[in-house]
Asks: 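Quick one: structure below, then a few questions.
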Number of protein chains: 2
Amino acid sequence: MAETAGNGRTGTKGAQLRSYLLGLIEGELKPHEKLPTERDLAETFGVTRLTVRRALDQLGYEGRVYRTQGAGTFVSEPRIAKSVELTSFTQDMRARGLVPGSLDTVVEEIPAGAEIGARLALSPRDLVAHISRVRTADGEPMCIENTYVPAKLAPGLAARGITGSLYQMLTETYHLKIEKAEQSIHATVLDPPLAKLLGVPEFSPAFKVLRVAYDAKNQRIEYAESVYRADRYSYDFVIFRTSRDNTN
Amino acid sequence: MAETAGNGRTGTKGAQLRSYLLGLIEGELKPHEKLPTERDLAETFGVTRLTVRRALDQLGYEGRVYRTQGAGTFVSEPRIAKSVELTSFTQDMRARGLVPGSLDTVVEEIPAGAEIGARLALSPRDLVAHISRVRTADGEPMCIENTYVPAKLAPGLAARGITGSLYQMLTETYHLKIEKAEQSIHATVLDPPLAKLLGVPEFSPAFKVLRVAYDAKNQRIEYAESVYRADRYSYDFVIFRTSRDNTN
DNA sequence: GCAAGTGAGTGGTATACTCCAATTGCACCA
DNA sequence: TGGTGCAATTGGAGTATACCACTCACTTGC
């Protein structure tokens with residue numbers, strides 16, 4: 001049952017290869033160093049070049065490597081947190097080497113109401129579990145999070161309460177695996193009560209993030225509204241030109 | 001074989017297929033309607049299923065379709081601007097149905113200096129073309145943009161001046177095609193002079209966006225610092241869980 | 001010495017085929 | 001009538017192979 005440890009030989013060959021390549025990137029190789037060629041990787045791992053390509057393409061999307069036809073595949077400069085990946089606050093902080101925590105956690109079961117209902121595609125009268133908490137990193141407030149999960153997907157969640165990672169609980173207790181999310185990021189300023197919760201001056205800049213998360217079956221699992229301190233947070237990512245758009 | 005009529009027969013088969021599928025998505029099909037099966041598409045276009053899959057996967061990444069094993073591929077709800085794509089301000093506004101413009105355009109050639117030099121991997125003494133302008137949408141200020149391009153990549157740019165799209169000029173005059181960019185988004189508030197330029201109250205919230213753009217050969221083409229009005233701008237995108245990370 | 005040319009090696013695109021895993025609808029049975 | 005189980009269908013993962021386009025280091029010729 002336990003999810004077969006971290007970077008080992010989990011799942012598909014592609015995933016194994018990915019783990020190996022991530023090891024190379026984060027361990028042995030330095031930025032701008034060349035990875036083995038696709039053909040070499042294919043041979044040493046006993047897989048097709050296509051399988052290797054899929055893994056490398058994925059890493060390219062995430063900005064961890066860059067590829068140049070005729071030359072090779074190279075490690076990117078580490079610089080930026082990859083916000084193109086879907087992570088929970090817990091994961092996110094751990095990736096940054098910080099210890100995640102929560103303050104003032106409140107869990108309650110309430111009717112969805114018009115707005116939350118619309119976000120989660122529920123009737124306004126349907127019940128949702130509402131988790132409200134101040135998230136901390138190394139003990140310092142980082143963001144205010146209001147999360148809503150349809151009660152029928154996670155029965156008893158409100159009674160059970162939340163200790164650590166909501167995502168972990170959703171996965172392990174309710175077998176709800178979030179695979180995709182739509183996220184909308186706004187800039188705002190903190191009104192006095194929020195500023196106080198986050199321990200920053202009034203009217204400090206902040207991010208407001210709205211997120212609707214789905215599982216593999218495109219079922220809505222979670223709606224979250226978060227407010228992040230701008231002084232400790234930024235969104236960094238790599239974007240690509242898709243194909244031949246001529247329109248400049 | 002008979003070039004199945006009209007649908008942009010540009011470039012690779014994958015690109016042609018993509019054009020056709022985009023036509024379907026934006027034209028005939030409504031959200032949540034089913035696309036043809038991979039096998040059907042492969043047959044009717046005379047390509048391999050793998051080629052079809054690549055095109056569909058790409059559209060999946062962009063959030064335009066969603067796929068469910070055993071069921072099919074479906075059109076996503078249109079909702080959100082896909083900021084996962086790399087676009088110029090000009091393209092971006094046109095995509096939103098607005099007319100892009102510029103105010104107070106200043107183009108000058110100056111030494112890069114320490115910060116800009118570092119961003120563009122130049123010596124601080126190397127010259128860069130600096131373009132400063134207020135970008136407008138339907139005549140109203142949307143953002144303040146400061147762009148820097150290495151002078152040696154675009155000789156004479158400062159003298160020539162900018163009329164419309166910088167990206168268009170870079171492509172057509174200097175054959176510099178931007179393929180990738182690293183972007184960092186911060187939340188901030190507008191100090192009085194900036195607020196005045198954008199025509200909003202002082203200390204209004206805003207996005208500050210830093211961007212380093214590269215061409216296909218990973219050569220740095222552009223560094224841009226932009227400040228966007230938060231009341232008229234948000235970042236909306238779709239993110240995916242990459243693979244089976246266990247760490248929740 | 002230095003520029004032009006060339007060829008091996010690299011990633012990019014595509015074919016043709018195979019098996020697996022999840023979904024869904026329909027036939028069948030209780 | 002109301003499940004229930006099976007089979008067809010669909011997307012997911014992979015193998016084996018071929019050829020193209022671009023890069024880059026090395027050779028060659030001046």
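Numbered from 1 within each chain, the chains take letters A, B, ... in sequence-line order.
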Asks: On a plain distance test, is the side chain of A:Arg39 in donor-acceptor contact with the base of C:dG9 below 3.5 Å?
Replies: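 Checked by distance alone, the answer is no.
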Asks: Counting the atoms with a prime plus P, OP1 and OP2 as sugar-phosphate, which does A:Leu56 contact under 4.0 Å by heavy atoms, base, sugar-phosphate, or nothing?
Replies: nothing
Asks: For a quick test of reading the model: is some side-chain N or O of B:Arg54 closer than 4.0 Å to OP1 or OP2 of C:dA14?
Replies: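 Affirmative; the distance criterion is met.
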Asks: Rounded to whole angstrom units, what separation is found between the CD atom of A:Glu43 and the P atom of D:dA16?
Replies: 12 Å
Asks: Kindly check if the number of other-residue, nucleotide or ligand heavy atoms within 6.0 Å of NZ (B:Lys177) is above 12?
Replies: no
Asks: Once side-chain contact (heavy atoms from CB on, under 4.5 Å) is applied, do any residues pair with A:Gln219, and if so which ones, sequence neighbours excluded?
Replies: A:Leu153, A:Asp215, A:Ile221
Asks: With a 4.0 Å cut-off on heavy atoms, is A:Thr37 in touch with a base, just the backbone sugar-phosphate, or nothing at all?
Replies: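 Contact class for A:Thr37: sugar-phosphate only.
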Asks: I'd like to know if B:Arg49 pairs up with B:Glu43 as an ion pair, taking the criterion as any Lys NZ or Arg NE/NH1/NH2 lying under 4.0 Å from an Asp or Glu carboxylate oxygen.
Replies: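 Here B:Arg49 does not pair with B:Glu43 in a salt bridge, since their nearest N and O are not under 4.0 Å apart.
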Asks: Inspect the contact between A:Arg119 and A:Glu182 and indicate whether a charged nitrogen and a carboxylate oxygen are less than 4.0 angstrom apart.
Replies: no
Asks: Does B:Arg49 have a side-chain nitrogen or oxygen under 4.0 Å from the phosphate oxygens OP1 or OP2 of D:dG11?
Replies: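 No, B:Arg49 has no side-chain N/O under 4.0 Å of OP1/OP2 on D:dG11.
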Asks: Within this structure, what is the CG-to-P distance between B:Leu50 and D:dC19, rounded to whole angstrom?
Replies: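 From B:Leu50 CG to D:dC19 P: 18 Å.
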Asks: Taking the six-membered ring where the residue is Trp, are the ring centres of B:Tyr235 and A:Tyr235 under 6.0 Å apart?
Replies: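 No, the ring centres sit 6.0 Å or more apart.
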Asks: Rounding to an integer number of Å, can you tell me how far B:Lys13 NZ sits from C:dA16 C1'?
Replies: 13 Å
Asks: Enumerate all atom pairs, one protein N or O and one N or O from nucleotides 25-27 of chain D, separated by less than 3.5 Å.
Replies:
none

Asks: What is the separation between atom CZ on A:Phe240 and atom C1' on C:dG12, rounded to the nearest whole Å?
Replies: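 Going from CZ in A:Phe240 over to C1' in C:dG12 covers 15 Å.
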Asks: Atom CD of B:Glu38 and atom P of C:dA16: how far apart are they, to the nearest Å?
Replies: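 The distance from CD of B:Glu38 to P of C:dA16 comes to 17 Å, rounded to the nearest Å.
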Asks: Verify whether one side chain among A:Glu109 and A:His130 offers a donor that lies under 3.5 Å from an acceptor in the other.
Replies: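 Note: A:Glu109 and A:His130 side chains miss the donor-acceptor criterion.
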Asks: Starting from C1' on C:dT23, measure out to CG on A:Asp215 and report it in whole angstrom.
Replies: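 Value for this atom pair: 14 Å.
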Asks: Round to the nearest Å and state the distance from A:Leu17 atom CG to D:dA13 atom P.
Replies: 14 Å
Asks: Quick one: A:Gln58 CD to D:dG14 C1', roughly how many Å, whole number?
Replies: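 Nearest whole value for this atom pair: 17 Å.
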Asks: Can a side chain N or O of A:Thr51 be found less than 4.0 Å away from OP1 or OP2 on D:dT15?
Replies: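 For D:dT15, OP1/OP2 do have a side-chain N/O of A:Thr51 under 4.0 Å.
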Asks: Check every strand shown and say whether A:Gly46 touches a base, only sugar-phosphate, or nothing at a heavy-atom separation below 4.0 Å.
Replies: sugar-phosphate
Asks: Between A:Glu222 and A:Tyr167, do the side chains contain an N or O donor and an N or O acceptor separated by less than 3.5 Å?
Replies: yes
Asks: Distance from A:Phe237 atom CZ to B:Gln183 atom CD, nearest 0.5 Å?
Replies: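 It comes to 5.0 Å.
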Asks: For the pair A:Tyr61 and A:Phe240, name the ring-plane relationship: parallel under 30°, tilted 30 to 60°, perpendicular over 60°.
Replies: perpendicular
Asks: Can you sort out which residues in residues 65-74 of chain B have a heavy atom within less than 4.0 Å of DNA chain D? Ascending by number, please.
Replies: B:Arg67, B:Thr68, B:Gln69, B:Gly70, B:Ala71, B:Gly72, B:Thr73
Asks: May I ask you to check whether B:Tyr66 and A:Tyr214 place their ring centers less than 6.0 Å from one another?
Replies: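 Not close enough - the centres of the two rings lie 6.0 Å or further apart.
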